[in-house]
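Read the structure below first, then the notes.
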Protein chains: 2
Amino acid sequence: MQAQVLVGGRWRDARDPQGSFRAEDPTRAEAIGPAFPVSGQADVDAALAAALGVAPAFAQTPPARIAAFLDGYAAAIEADADTLVALAAEETALPAEPRLRHVELPRTTGQLRQAAAAVRAYAWTDPVIDTAAGLRAHRAPLGKPVLVFGPNNFPFAFNAIAGSDFASAIAARNPVIAKAHPSHPATSRRLAELAHDALVAAELPADAVQMLYHVDNAVGTRLAGDGRLGAIGFTGSRAGGLALKAAADQVGVPTYAELSSVNPVFLLRGALAENGAALAQEFFTSCTMGSGQFCTNPGIVVLPPGDEANAFEAEATRHFAAGAPRPLFSRGVQENLVHALASLVHAGATVLAGGDVGGGQGYRHQPTLLRVDARAFLAAPAALQAEAFGPTSLLVRTRTDDELAAVAAAFEGNLTATLYRAVDGSDDATWATVAPRLRARVGRLIANKMPTGVAVSPAMNHGGPYPATSHAGFTSVGMPAAIQRFTALHSYDNVPDHLLPPELRDRNPGGIARRIDGRWSDGDVGATS
Amino acid sequence: MQAQVLVGGRWRDARDPQGSFRAEDPTRAEAIGPAFPVSGQADVDAALAAALGVAPAFAQTPPARIAAFLDGYAAAIEADADTLVALAAEETALPAEPRLRHVELPRTTGQLRQAAAAVRAYAWTDPVIDTAAGLRAHRAPLGKPVLVFGPNNFPFAFNAIAGSDFASAIAARNPVIAKAHPSHPATSRRLAELAHDALVAAELPADAVQMLYHVDNAVGTRLAGDGRLGAIGFTGSRAGGLALKAAADQVGVPTYAELSSVNPVFLLRGALAENGAALAQEFFTSCTMGSGQFCTNPGIVVLPPGDEANAFEAEATRHFAAGAPRPLFSRGVQENLVHALASLVHAGATVLAGGDVGGGQGYRHQPTLLRVDARAFLAAPAALQAEAFGPTSLLVRTRTDDELAAVAAAFEGNLTATLYRAVDGSDDATWATVAPRLRARVGRLIANKMPTGVAVSPAMNHGGPYPATSHAGFTSVGMPAAIQRFTALHSYDNVPDHLLPPELRDRNPGGIARRIDGRWSDGDVGATS
């Protein structure tokens with residue numbers, strides 16, 4: 001007997017499962033928990049039909065009810081924290097504390113509540129009013145289903161049924177079809193139960209939130225290529241994301257895909273001189289946190305010319321060599337990591353520490369540090385900046401400032417780049433050469449801290465130029481910007497006040513910020529400020 | 001001897017022309033003016049190399065100089081109006097007055113000046129500051145070339161070297177490679193001369209603006225598929241735009257393409273009763289303005305049940321039947337129109353008036369009115385909503401309000417939809433049924449006026465869901481939103497004030513609007529408001 005799917009507003013058996021699967025305890029490589037279905041075309045068709053059916057009415061939902069759902073869901077997750085943390089820890093081998101309970105779970109509930117606040121304040125709608133031209137514009141729901149694919153590495157905060165894509169799509173009043181990640185199905189099921197109950201409690205249509213645990217690639221790609229979708233949110237591997245994007249591109253459906261990133265970290269000379277030993281520790285901690293399975297893991301560290309770099313390399317090597325093998329999410333992650341490291345070595349990198357799975361039970365890998373000189377890196381930049389997902393990083397050794405700048409200019413699109421600079425300003429000339437090159441290549445430029453923290457803030461950009469993501473103009477984290485991915489621009493021309501949406505009427509529906517005739521105002525149209 | 005291309009910052013001969021072409025006077029179907037080159041791969045490669053070379057530095061240009069260029073270019077266009085209007089009138093057969101001199105030219109210069117104003121006010125950069133998190137974000141230049149393809153129907157306002165895509169890409173400090181439309185090469189050359197001179201006068205790098213007159217499809221598609229581009233702007237035919245988009249999609253380059261639109265107009269019963277005869281005149285005028293060669297031409301008019309619709313149809317038919325054949329841009333436009341009308345008839349439409357090219361010199365077509373009943377429309381909605389570019393429209397006759405709603409729900413993505421409603425409110429119940437269906441399908445919803453006017457306003461949306469455009473979230477007209485298509489989201493994390501761009505520093509660079517800790521402010525960070 002397989003677990004039920006959430007389709008058409010209710011929990012029911014899969015109609016035509018193409019098989020079943022179970023979660024694994026990665027620390028033991030043993031199957032755990034119940035069997036879950038791999039959904040076939042019938043479940044996908046039913047989910048799409050239900051989402052299409054509910055989408056137009058859902059787009060008309062009063063904001064207060066959407067916000068009530070998001071807040072209610074957040075509260076339900078908190079109340080259920082013990083169960084959720086236990087399930088996720090077992091399925092992912094991520095530490096129950098502090099990571100899951102004290103970091104990721106509060107981030108997830110905070111994100112849902114920030115989405116609720118953005119809904120109440122109409123913050124994502126960007127109302128613009130031109131009284132002379134008789135034109136009023138805002139961002140509006142797509143009026144179509146949003147398909148969300150969740151990744152393996154954040155069972156709560158990026159879960160297809162609870163993460164930022166989910167919260168964003170619902171905040172913009174679009175129904176969601178969630179495709180959970182098969183590495184944590186029990187966690188996803190528990191979240192979906194809470195979401196479903198919160199939806200019903202908020203008196204929203206139950207069809208607005210649906211979830212499948214798994215589909216095979218052909219079924220998933222076919223769904224992504226259905227032109228009736230409004231948009232796709234995806235976080236995962238580059239190959240998987242690009243396959244879905246290719247299908248969606250052909251029918252004009254925008255894909256917001258987070259694909260891959262090595263997050264280069266440049267340690268400038270003065271910073272190393274001020275603080276080298278501490279930086280080696282900070283780097284090792286960031287690189288092995290969550291076994292390195294972060295989108296913003298520092299996968300490449302570029303070192304400046306000079307002796308300080310030798311000391312840093314030696315210190316970092318000691319940390320990596322002393323580190324125990326770390327648990328990975330799955331056999332697939334382990335296999336991909338072994339393959340990726342072999343490719344780096346083949347391309348010219350040398351292993352300084354680690355380099356092996358490390359023995360023991362389950363799916364693991366040693367913390368692994370590699371090194372390559374800049375000349376070799378610049379000779380094969382594509383091969384040497386391929387992502388190795390796990391507790392690993394590659395040091396790039398430069399001999400001149402020109403090499404430092406050339407390496408900066410050789411990176412493809414990334415989520416982040418980091419520069420550590422001396423507090424005394426002695427690195428600022430180097431900054432002026434290197435930072436502009438990195439700036440054009442990344443979504444977030446960081447000074448003097450590791451990239452692994454991703455704050456849920458309106459000023460965050462968890463995005464970046466292709467191939468880090470599929471569109472350099474959008475972020476997947478941070479409200480209200482993340483919500484705006486799932487909206488359409490709507491203009492009203494000469495439409496009478498009573499036929500406009502609330503946020504575009506003369507009367508301000510409640511102190512919301514609007515651009516009226518070129519000025520920001522939180523008052524009514526025509527009010528003197 | 002062929003005209004010179006503007007490549008690499010100077011006027012020079014084409015290197016490997018694949019042939020040459022001349023403009024035509026559409027009213028006589030005769031070649032006019034000099035020979036222009038069809039550029040080959042060498043010119044395209046040279047233009048791309050020059051644009052790539054200048055892009056990083058151009059992204060650092062002080063806003064004041066960008067604005068000075070845009071304003072200077074606008075002034076130069078005004079000073080050269082006599083020449084430009086004469087060239088464009090000859091090449092397009094559009095009326096010199098009022099259309100070209102008093103409508104399109106001022107719109108073009110106004111658009112350049114609005115872009116300049118948006119640059120001076122940093123309006124397109126959307127600065128967001130989160131002091132607690134140490135994060136600051138804004139929209140920034142792509143740092144890469146933007147490739148712009150201009151259409152045949154607006155020789156000034158959408159010209160690849162002068163229109164909204166051009167102004168937007170430059171405003172965001174990205175170099176432009178303009179691919180002019182081959183139906184008005186002399187107009188485009190004159191504009192490019194003015195642009196080049198204005199660029200030099202503003203002391204900007206001459207490489208930032210380049211222009212080719214024509215490339216064949218293979219060369220154009222190869223260029224669109226170069227992953228070093230930042231973005232593509234396109235206005236033109238659906239087939240052409242989708243071919244470029246497909247190439248760009250494969251390398252992660254976003255395409256902002258305006259593709260096609262029939263702009264449905266719904267005349268509700270009360271509006272017809274109040275005003276039927278005047279509406280027939282207004283419709284005819286709108287439909288034949290510019291020989292109907294507008295993106296927002298009212299290509300389908302949906303009539304309500306009742307006798308008023310019969311009277312409107314009779315009156316409109318009289319207008320169309322009495323109209324003389326209208327000049328079209330080219331043989332291609334004429335051939336496409338003849339073919340499109342034949343397809344509509346084949347799909348079940350009946351010709352009420354016109355229907356023929358109408359004889360006489362040059363490329364022309366009679367104003368043509370067709371009709372189909374709603375049942376037939378709903379049986380073949382794809383075929384019957386295919387765009388027929390020219391002075392033509394299709395009346396769709398409904399028998400019930402349910403049919404009216406069903407027709408509204410059968411439209412694919414469009415730029416606009418219009419509803420005419422009775423001033424006394426008697427149509428509001430019908431509005432409530434029909435408008436939401438149209439709203440989800442269009443970029444701009446219009447009440448009681450024809451769609452052909454497109455104001456350059458911050459509240460305009462000249463965009464719409466696929467396949468009207470390639471992305472429902474963006475407009476190609478209206479500042480600052482149109483500029484934001486050609487930007488990347490950039491976040492700064494923990495970066496010291498003096499290393500931030502001006503609009504993100506504590507000190508406000510000049511009264512610009514910024515979102516600081518959730519509040520709009522035009523002051524400095526930390527100032528009490």
If you look only at distance, which donor and acceptor atoms sit under 3.5 Å apart when one is on a side chain in residues 133-145 of chain B and the other is two or more places apart or in another chain?
| from | atom 1 | to | atom 2 | distance (Å) |
| --- | --- | --- | --- | --- |
| R136(B) | NH1 | L504(B) | O | 2.7 |
| R136(B) | NH1 | D506(B) | OD1 | 3.0 |
| R136(B) | NH2 | D506(B) | OD1 | 2.8 |
| H138(B) | ND1 | E503(B) | OE2 | 2.9 |
| R139(B) | NH1 | T487(B) | OG1 | 3.1 |
| R139(B) | NH2 | G473(A) | O | 2.8 |

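- Ranked by heavy-atom pairs shorter than 4.5 Å toward chain A, the options D517(B), V251(B), T469(B), T475(B) are led by V251(B).
- Most heavy-atom pairs under 4.5 Å with chain B, from the set Q60(A), K245(A), Q250(A): that is K245(A).
- Residue R485(A) does not touch chain B at all, counting heavy-atom pairs closer than 4.5 Å.
- For the residue pair T296(B) and N263(B), no side-chain donor N or O sits within less than 3.5 Å of a side-chain acceptor on the partner.
- Within residues 408-431 of chain B, the residues having any heavy atom under 4.5 Å from a heavy atom of chain A are, by residue number, R421(B), D428(B), W431(B).
- Put simply, the side chain of R437(A) never gets that close to the backbone of P56(B): no donor and acceptor are under 3.5 Å apart.
- Between the side chains of R238(A) and S260(A), at least one donor N or O sits under 3.5 Å from an acceptor N or O.
- The nearest pair of heavy atoms linking I483(A) to A172(A) is CG2-CB, 3.8 Å.
- In this structure, chain A has a heavy atom under 4.5 Å from the side chain of P254(B), while its backbone stays farther away.
- Geometrically, R439(A) engages Y492(B) in a cation-pi contact, judged by NZ or CZ lying under 6.0 Å from the ring centre and within 45° of the ring axis.
- Residue with the most contacts toward chain A among V128(B), D126(B), D249(B): D249(B) (heavy-atom pairs, distance under 4.5 Å).
- Counting heavy-atom pairs under 4.5 Å between each of K449(B), Q484(B), R519(B) and chain A puts K449(B) at the top.
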Would you please test N461(B) and H490(A) for side chain to side chain contact (heavy atoms under 4.5 Å, CB included) and show each step?
-> CA-CA 7 Å; N461(B) 181 14; H490(A) 280 181; 5.5 Å; no
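- Between H471(B) and Y256(B), the ring-plane angle classifies as tilted under the 30° and 60° cut-offs.
- Among all heavy-atom pairs drawn from V477(A) and A455(A), the shortest one is CG1-O, 3.9 Å.
- Looking at V253(B), there are no atoms closer than 4.5 Å to chain A (heavy atoms on both sides), in backbone or side chain.
- Counting heavy-atom pairs closer than 4.5 Å to chain A, the top-ranked of the candidates A440(B), P467(B), P496(B) is P496(B).
- In terms of modelled atom types and a separation under 3.5 Å, the side chain of S286(B) and the main chain of M450(B) share no donor-acceptor contact.
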